[in-house]
Amino acid sequence: MDGITGLRDRYLAAIAAAADEQALEDTRVAALGKKGEVSLLMRGLGKMTPEERQTAGPALNALKDDLNQAIAMARAALADAALNARLATEWTDVTLPARATPQGTIHPVSQVMDEISAIFADLGFSVAEGPQIENDWHNFDALNIPGHHPARAEMDTFYMSRREGSNQPPHVLRTHTSPVQIRHMQEHGAPCRIIAPGRVYRADYDQTHTPMFHQIEGLAIDRDITMANLKWVLEEFFSAFFGTGVKTRFRASHFPFTEPSAEVDIQCEWVDGQVRVGEGSDWLEVLGSGMVHPKVLTAAGVDPAEWQGFAFGMGIDRMAMLKYGIPDLRAFFDSDLRWLRHYGFAALDVPTIQGGINR
Ligand code: PHE
């Protein structure tokens, strides 16, 4: 019996000292495994006298139960300790300041392009595109601007270097979006209603001119389109764009690719050096327009005996300056973050007819 008490003390101490699951399991096997000390003693019961067995049997059973219970408790304690250790390392400090999420803004030119596209989409126009590096024919000849025409010099064209061995005229950075008229009619014919927004290039730099700027071309071709349709479309557009009734004034002008041609002014007023569109007694020139010249239709593969229509070209940057009160055109293209944060628009705030065009 003394032996059993000694065994109990020794194994309870070993169980208490086990630092991890493996040490605990080793202790269990040493005591209660097939060849464990306690198991061997139990096997010895058979060789005892009945009297000896009567005391030793229950004592050994009690020892076995005690050790099993102590092991189960120690195992649970180890699991708890492991969980606590994990919780201590994995905790989150919810009082920490949130990480900064830098947010870009939409450039006023992109915003205004989206606004203009939404308004014209509602009027039944789709968006067309063309290359910014354009060939001489699409930028000039097809638009009835022959080689000697003064318009070529006026436009301060950027020329690409001529391809080696080529006798073709060099490509140009397109000086206007009008070549998209030609490309669209060549591909899709008539009738058509398109706008073509994009970058254009002219060698010019001062407070109101940058060598790259943005235009939007409009083109509507059908059997019976007239200047009256042009005037209605433009007034409808300007009123939606500026969010107030806007009157237009057509002044006779000249473009090689339209006949007749008109420059269009919108009504405005100057207050403390700031311009207000849609009221007052002043006029502001905003676009060139006219009836597409028969030679242009022919060059684009459209029969002028059957089809006619209007075209216009408008500066987008100018529209953004007027609408959002931005003073200097050159700052548009400086990529100054302070300017972009001040004049930029929220990325998810997309202008639509149903959601609202004006910010
Ligand atoms: N392409 C002309 C320009 O850039 C504008 C224009 C377009 C005029 C279409 C008439 C018709 O000045």
Side-chain angles (χ1 to χ4, degrees), residues 109 113 116 120 125 127-132 134-146 149-158 172-185 190 192-204 208-222 225-231 233-234 237-238 248-266 284-300 302 304 307-319 329:
V109 171
M113 268 197 212
I116 296 174
F120 277 105
F125 288 70
V127 173
E129 282 183 313
Q132 293 176 41
E134 186 56 280
N135 59 50
D136 195 77
W137 187 82
H138 278 97
N139 196 80
F140 295 121
D141 294 274
L143 290 161
N144 193 31
I145 313 174
H149 199 280
R152 291 206 180 200
E154 271 164 38
M155 282 200 175
D156 302 306
T157 312
F158 285 111
V172 301
L173 293 180
R174 68 178 179 192
T175 56
H176 49 181
T177 43
S178 299
V180 185
Q181 291 184 33
I182 306 295
R183 289 186 175 276
H184 186 82
M185 287 190 283
C192 71
R193 281 162 178 66
I194 55 144
I195 53 167
R199 294 181 168 184
V200 299
Y201 303 84
R202 291 178 203 178
D204 211 350
T208 51
H209 296 90
T210 49
M212 185 281 300
F213 60 103
H214 299 83
Q215 279 192 339
I216 193 155
E217 195 80 8
L219 176 70
I221 303 290
D222 214 318
I225 287 187
T226 70
M227 292 283 273
N229 300 118
L230 171 64
K231 188 168 168 85
V233 164
L234 288 179
F237 162 71
F238 284 122
T248 60
R249 184 174 75 173
F250 280 53
R251 273 182 298 106
S253 182
H254 172 77
F255 299 102
F257 31 92
T258 46
E259 182 59 38
S261 302
E263 274 171 308
V264 178
D265 303 337
I266 53 176
L284 202 67
E285 184 195 324
V286 288
L287 60 82
S289 66
M291 296 299 290
V292 178
H293 197 291
K295 283 190 181 174
V296 172
L297 294 173
T298 304
V302 169
W307 305 99
Q308 63 180 40
F310 65 72
F312 63 84
M314 179 169 65
I316 295 178
D317 316 270
R318 187 87 186 289
M319 286 293 129
L329 174 69

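Both counts, for ligands and for their atoms, begin at 1 and track the order of listing. Just so it is clear, the model here is predicted, and its values are computed rather than measured. When a residue number appears, it is its place in the shown sequence, counting from 1.
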* To do: Any chance you could lay out the ring-ring contact (aromatic ring centres under 6.0 Å, His included) test for F257 and H176, step after step, and finish with the verdict?
  => CA-CA 12 Å; F257 31 92; H176 49 181; 5.6 Å; yes

* Asked: Given R174 and V180, is the side chain to side chain contact (heavy atoms under 4.5 Å, CB included) satisfied, shown in steps?
  -> CA-CA 10 Å; R174 68 178 179 192; V180 185; 3.6 Å; yes

* Can you list the steps and then say if F140 with H149 is a side chain to side chain contact (heavy atoms under 4.5 Å, CB included)? -> CA-CA 9 Å; F140 295 121; H149 199 280; over 6 Å; no

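Ring-plane geometry between F120 and F237 is classed as parallel, the angle between the planes falling under 30 degrees on a 0 to 90 degree scale with a further cut at 60.
Side chains of E217 and H184 form no contact here, defined as non-hydrogen atoms less than 4.5 Å apart.
Residue E129 places its CD atom among 12 or fewer non-hydrogen atoms of other residues, nucleotides or ligands, all under 6.0 Å distant.
For ligand 1, the 4.0 Å heavy-atom shell takes in H176, S178, Q181, R202, Q215, E217, F255, F257, T258, G288, S289, A311, F312, G313, ordered by chain and residue number.
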